[in-house]
There are 2 protein chains.
Amino acid sequence: MVDPIAALAAPRRREILRLVWREERAAGEIHRELGDVTFGAVSQQLRQLEHAGLVAVRADGRRRLYRARPEALGPVGEALAAIWDDALYRLKIRAELESSRRGPRRRPTSAKGRRR
Amino acid sequence: MVDPIAALAAPRRREILRLVWREERAAGEIHRELGDVTFGAVSQQLRQLEHAGLVAVRADGRRRLYRARPEALGPVGEALAAIWDDALYRLKIRAELESSRRGPRRRPTSAKGRRR
DNA sequence: AGATCACTTTAGTAAAAACTAAAATAAAAA
DNA sequence: TTTTTATTTTAGTTTTTACTAAAGTGATCT
């Protein structure tokens, strides 16, 4: 992926972007905040956002701090921020994630079973 | 699909939306303008844009006229329009579509071969 | 009526995307 | 130096999406 607007497609990525919009956050914090995906999945989405230029990373000890780069979206960035400031919109997004979950999830963190 | 921003994900849909942004166009016109997809595929993408509230349809004889509904995108709509007015961006999108084609295509229109 | 035109819908395929589980890396603590 | 913590990467699976081909619908023309 390389196109910033396409990177906004997935609600998951938009949620992550919103989390790091105002302030830096460590990957783990983001994972905990989202709750219903593995750490690996979050890391992968962060990578995509990074490749699209939508976030920047900075190492801090063993943590990695992410922050949004609104410049990458140009005028769309401001528009998006305006939407995010709207509390109703926030509820809507929550509901969306909720209903698009593909089955019961119990906050997985890394791994447990055996497959390969 | 129901989320307008997610509907902007595919470059193809963005291209279609841009075509109907300023003026109404018939489905067939849009198909001819795009060139490298079947009529059916265009019709399907129009349906998605419609479900996301991004376009409105109106029947005119046997044609169906589509037009954009920028309101559906709120402030993002204006931002997007600003981007589209930029000629460089238009070239970029073209190149994107060009390189994401999944094989050689020779302007298919409906059907020809036999499969099922 | 039948033919044709403009378009939609359905069925099936193929490619892309998102995810899980597990292994790998790398800094810091013990 | 071993262990723990934070995160990334890889491999494989499942889900979703975009597409083609072909059949279906309905308005207009003859």
Side-chain angles (χ1 to χ4, degrees), chain A residues 1-3 6-16 25-32 34-52 57-66 97 100-116, chain B residues 1-3 6-16 25-32 34-52 57-66 96-97 99-116:
Chain A
M1 174 161 339
V2 69
D3 170 10
L8 292 176
R12 183 76 74 191
R13 275 195 303 269
R14 243 144 50 208
E15 186 72 344
I16 292 175
R25 277 180 207 266
E29 278 186 76
I30 298 169
H31 170 233
R32 263 168 268 124
L34 293 177
D36 64 342
V37 260
T38 56
F39 207 138
V42 172
S43 187
Q44 284 165 38
Q45 299 293 34
L46 283 168
R47 204 94 310 108
Q48 292 196 64
L49 288 168
E50 195 188 347
H51 288 148
V57 218
R58 169 172 87 84
D60 168 40
R62 44 190 156 182
R63 302 185 310 156
R64 253 132 195 289
L65 300 173
Y66 287 86
L97 278 171
S100 70
R101 285 212 248 282
R102 315 214 250 272
R105 291 281 152 76
R106 56 286 178 243
R107 304 191 99 263
T109 300
S110 57
K112 223 49 161 312
R114 177 143 314 263
R115 212 196 312 158
R116 56 173 165 173
Chain B
M1 177 163 336
V2 69
D3 170 12
L8 292 176
R12 182 76 75 191
R13 276 194 303 270
R14 246 144 48 206
E15 186 73 343
I16 291 176
R25 278 180 206 266
E29 279 185 76
I30 297 169
H31 169 234
R32 265 169 267 123
L34 294 177
D36 62 344
V37 260
T38 57
F39 207 138
V42 172
S43 187
Q44 284 166 38
Q45 299 293 34
L46 282 167
R47 204 94 309 108
Q48 291 197 63
L49 288 168
E50 195 188 347
H51 288 147
V57 218
R58 169 172 87 85
D60 169 41
R62 43 188 155 182
R63 300 185 311 155
R64 257 135 194 287
L65 300 174
Y66 288 87
E96 219 170 84
L97 278 171
S99 64
S100 70
R101 286 214 248 284
R102 313 217 250 270
R105 292 281 152 75
R106 56 284 176 245
R107 303 189 103 261
T109 300
S110 58
K112 224 48 163 316
R114 177 144 314 267
R115 208 193 322 155
R116 55 174 165 176

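None of these values were measured; they are calculated from a predicted model. Numbered from 1 within each chain, the chains take letters A, B, ... in sequence-line order.
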> In whole angstrom, what separates R12(A)'s CZ from dT20(C)'s C1'?
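Distance check: R12(A) CZ to dT20(C) C1' gives 13 Å.
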> Which pairs, protein N/O on one side and nucleotides 24-28 of chain C N/O on the other, fall under 3.5 Å?
none

> Answer yes or no: does a side-chain N or O of R63(A) lie under 4.0 Å from OP1 or OP2 of dT7(D)?
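Negative; the distance criterion is not met.
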> Report yes if a donor N or O on one partner sits less than 3.5 Å from an acceptor N or O on the other, where the partners are the side chain of Q44(A) and the base of dT20(C); otherwise report no.
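Side chain to base: pair present.
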> Think T38(B) has a side-chain N or O under 4.0 angstrom from the OP1 or OP2 of dT20(D)?
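Indeed, a polar side-chain atom of T38(B) lies that close.
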> Can you tell me how far P of dT8(D) sits from NE2 of H51(A), to the nearest Å?
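Going from NE2 in H51(A) over to P in dT8(D) covers 11 Å.
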> Counting any heavy atom closer than 4.0 Å, what does A41(B) reach on the DNA or RNA strands: base, sugar-phosphate only, or nothing?
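Base contact.
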> Between dT7(D), dT20(D), dC7(C), spot the one nearest the side chain of R64(B), thanks.
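Per side-chain heavy atoms of R64(B), the pick is dC7(C).
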> In whole angstrom, give the distance that lies between atom CZ of R58(B) and atom P of dC7(C).
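Interatomic distance, CZ of R58(B) to P of dC7(C): 13 Å.
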> Separation of D3(A) atom CG from dA17(C) atom P, in whole Å?
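Distance, rounded to whole Å: 11 Å.
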> Examine dA6(C): is either OP1 or OP2 under 4.0 Å from a nitrogen or oxygen in the side chain of Y66(B)? Give yes or no.
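Indeed not, no polar side-chain atom of Y66(B) lies that close.
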> Picking from dT8(D), dC19(D), dA18(D), which would you name as closest to the side chain of A27(A)?
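Out of dT8(D), dC19(D), dA18(D), the nucleotide with an atom closest to A27(A)'s side chain is dT8(D).
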> At under 4.0 Å between heavy atoms, what does A10(A) touch on the DNA or RNA strands: base, sugar-phosphate, or nothing?
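It contacts sugar-phosphate atoms only.
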> Taking only residues two or more places apart in sequence, or in another chain, which ones meet R47(A) in a side-chain contact (heavy atoms from CB on, under 4.5 Å)?
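Testing R47(A) for side-chain contact (heavy atoms from CB on, under 4.5 Å), a comparison that skips the adjacent residues, returns S43(A), E50(A), H51(A), Y66(A).
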> Taking the nucleotide of DNA chain C with the nearest heavy atom to each, does S43(B) or V42(A) sit closer to the 5' end?
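This one resolves to S43(B).
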> Any base atoms under 4.0 Å from A26(B), or only sugar-phosphate, or nothing? Heavy atoms, all strands.
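Sugar-phosphate, no base atom in range.
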> Scan A9(B) against the nucleic acid and name what it touches under 4.0 Å (heavy atoms): base, sugar-phosphate only, or nothing.
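Nothing, no heavy atom under 4.0 Å.
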> Should Q48(A) be listed as having a side-chain N or O under 4.0 Å from OP1 or OP2 of dA18(C)?
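Yes, because at least one side-chain N or O of Q48(A) sits under 4.0 Å from OP1 or OP2 of dA18(C).
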> State which residues pass side-chain contact (heavy atoms from CB on, under 4.5 Å) with A10(B); sequence neighbours excluded, sorted by chain then number.
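If we apply the side-chain contact (heavy atoms from CB on, under 4.5 Å) test to A10(B), skipping adjacent residues, the hits are R13(B).
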> Rounded off to whole Å, could you give me the CZ-to-P distance for the F39(A) and dA6(D) pair?
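Checked: the CZ to P distance equals 8 Å.
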> The side chain of R13(A) is closest to which nucleotide in this list: dT9(C), dA18(C), dC19(C)?
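Nearest to the side-chain atoms of R13(A), counting from C-beta on, is dA18(C).
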> Could you give the NE2-to-P distance, from H31(A) to dC19(C), as a whole number of Å?
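For the pair H31(A) NE2 and dC19(C) P, the rounded distance is 11 Å.
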> Only counting residues at least two apart or in another chain, list the ones meeting side chain to side chain donor-acceptor pair (under 3.5 Å) with R64(A).
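By the side chain to side chain donor-acceptor pair (under 3.5 Å) rule, R64(A) matches no residue at all.
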> At what distance, to the nearest 0.5 angstrom, does CZ of R25(A) lie from CZ of R32(A)?
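Rounded to the nearest 0.5 Å, the CZ-CZ separation comes to 10.5 Å.
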